[in-house]
Amino acid sequence: MRVLVIGSGAREHALCWTLRRSPQVDLLACLPGNGGTAAIAQNVPLSPTDFAACATWATEQAIDLTIVGPEVPLAGGIVDAFQLRGLRCFGPTSAAARIESSKVWAKAFMLRHAIPTAPARMVTAASLEDAVQSLHNAEAHYPIAVKADGLAAGKGVVIATNAAEAEVALREMIAGQFGAAGAQVLLEEFMTGPEVSCFAICDGAHYRLLGTACDHKRAYDGDTGPNTGGMGAYAPATWLDAATLDAIDQTIIAPTVAGMAAEGVPFTGFLFAGLMITPQGPRVVEFNARFGDPEAQVVLPLLHTPLLDLLEAAIVGRLDALPPIAWEPGAACGVVLAAGEYPLSNAEDLPISGLETLPPAILTFHGGTRLAADHALLAHGGRILTLVGRGPDLATARASVYAAIDQVQFAGARYRHDIGARG
Ligand code: AMP
Ligand code: GLY
């Protein structure tokens, strides 16, 4: 079987590593891939947003199955483009990916299907002055979440602690700080409680829960500093009790999958519910139409059922016929090693050392790495590596990754010291 993974992050490296465990996979390619995927897959130097070029390559190479990692090609319609060419591509269509690519659409969808989430008001340029006035009303509650409608690389949410901050954030978004993604903005009631990422694999009609994980979104220790794509994660969400997990399944995942199908936009792909466990129960913070990064790096190593079996069942709409998903016992803890400037971008090339001396039990998933002409491994900005420790419990998994992490070095390397500390 010939399999293609689209994307270049540590999530895609983890997807490739997981697929490599299925002996049926005789060709594995990653487009464009990175310095880590190069060791286990064939990197394809094309852009994931050039759908015509990607589909032509997949056709020429007789690819049997394509799996799309990141949101940007999904929102743009890569699955639609592949399907038009008769190629099997796992992920939501552009219309179904709206559950992530438009927070306004997702909020209205949740309202239509009584899926628990925070109440919100939608603002456009036409209603801006009205909305600003309401922010200064005596009845306004703070903090408040100000959210750009569209994809903004994880930067489109501001938690404003007072009216002045909320007004600045709202005006900047409407004025075009995130381009068209901010043409509509949600003013959303602030929720409290621990956050959890919950995953399901979906075939349009059926789904299977695919684990839970806890991300650490802020850049610095103690949940301080700017928001990032995620500085580390652990799985499973050890503190989540069975009743809450059941509530997530029954009140959030099931009606979402059923609602998408009923509205004519069946969801096929990895569904990622970003949740807050509020005093009133689990509520949706946001949906994503893909696996999480760094969540994939800690969830996939715990998956015992071959991922390929799940994907093959999902792509033909037969997840219902699959035996229960089996998991490895224990926990996984993943810590991201980021470039010094991250979350600001910088694509300076820096040599990486120490990977070869890591204990074999530590998994290394590459994000922003590339191979130089002489095959030397270079850090190339952003989230460079995710190191993952595993163990019979979270404390052991956590201790193993932190015992090893300082062996890996590149100039400016930075990581959080408290990933999994509260798990
Ligand atoms: P999002 O990009 O929607 O996941 O938001 C980024 C982060 O902002 C979330 O992980 C939450 O920590 C926080 N956040 C978003 N919406 C809310 C809300 N309504 N109440 C409290 N925190 C929120
Ligand atoms: N780690 C959060 C995300 O993938 O969006």
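Just the heavy atoms: all of them, side chains too, but no hydrogens, waters or symmetry mates, feed the values below. Just follow the structure's listing: the first ligand is 1, and inside any ligand the first atom is 1.
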By salt bridge (Lys or Arg N to Asp or Glu O under 4.0 Å) - contacts of R416 (at least two apart): D223, D418
Sub-4.0 Å atoms of ligand 2 with respect to non-hydrogen atoms of G292: 4 (O)
Heavy atom of R11, distance to ligand 2 below 4.0 Å: no
From CZ (F272) to CZ (F287), nearest 0.5 Å: 11.0 Å
Gap separating the CD1 atom of I144 from the CG atom of L186, nearest 0.5 angstrom: 10.5 Å
Any G274 heavy atom less than 4.0 Å from ligand 2: no
Short N or O separations between ligand 1 and the protein, below 3.5 Å:
from	atom 1	to	atom 2	distance (Å)
ligand 1	2 (O)	E286	OE1	3.4
ligand 1	3 (O)	K103	NZ	3.4
ligand 1	3 (O)	E286	OE1	3.4
ligand 1	4 (O)	E286	OE1	3.4
ligand 1	4 (O)	E286	OE2	2.9
ligand 1	10 (O)	E195	OE1	2.7
ligand 1	10 (O)	K217	NZ	3.2
ligand 1	12 (O)	E195	OE1	3.4
ligand 1	12 (O)	E195	OE2	2.4
ligand 1	16 (N)	K147	NZ	3.0
ligand 1	19 (N)	E188	OE2	2.7
ligand 1	19 (N)	E189	O	2.9
ligand 1	20 (N)	M191	N	2.8

Parallel, tilted or perpendicular, as decided by the 30° and 60° cut-offs, for the rings of Y402 and Y415: tilted
Any side-chain heavy-atom pair of Q297 and F365 under 4.5 Å: yes
Ligand-residue contact atoms, ligand 2 with R290, heavy atoms, under 4.0 Å: 3 (C), 4 (O), 5 (O)
Over-ring placement of R112 relative to W105, 6.0 Å and 45° cut-offs: yes
Any L310 side-chain heavy atom under 4.5 Å of L303 side chain: yes
Nearest non-hydrogen protein atom, atom 2 (C) of ligand 2: D215 OD2, 3.4 Å
From CA spacing to verdict: salt bridge (Lys or Arg N to Asp or Glu O under 4.0 Å), E286, K107: CA-CA 9 Å; E286 65 164 358; K107 185 65 73 178; over 6 Å; no
Any donor-acceptor N/O pair, R88 side chain to F82 backbone, under 3.5 Å: no
Proximal ligand 2 atoms for E295, defined as those under 4.0 Å from one of its heavy atoms: 1 (N), 2 (C), 4 (O)
Polar proximity ligand 2 side, G229 side, N/O cut 3.5 Å exclusive: yes
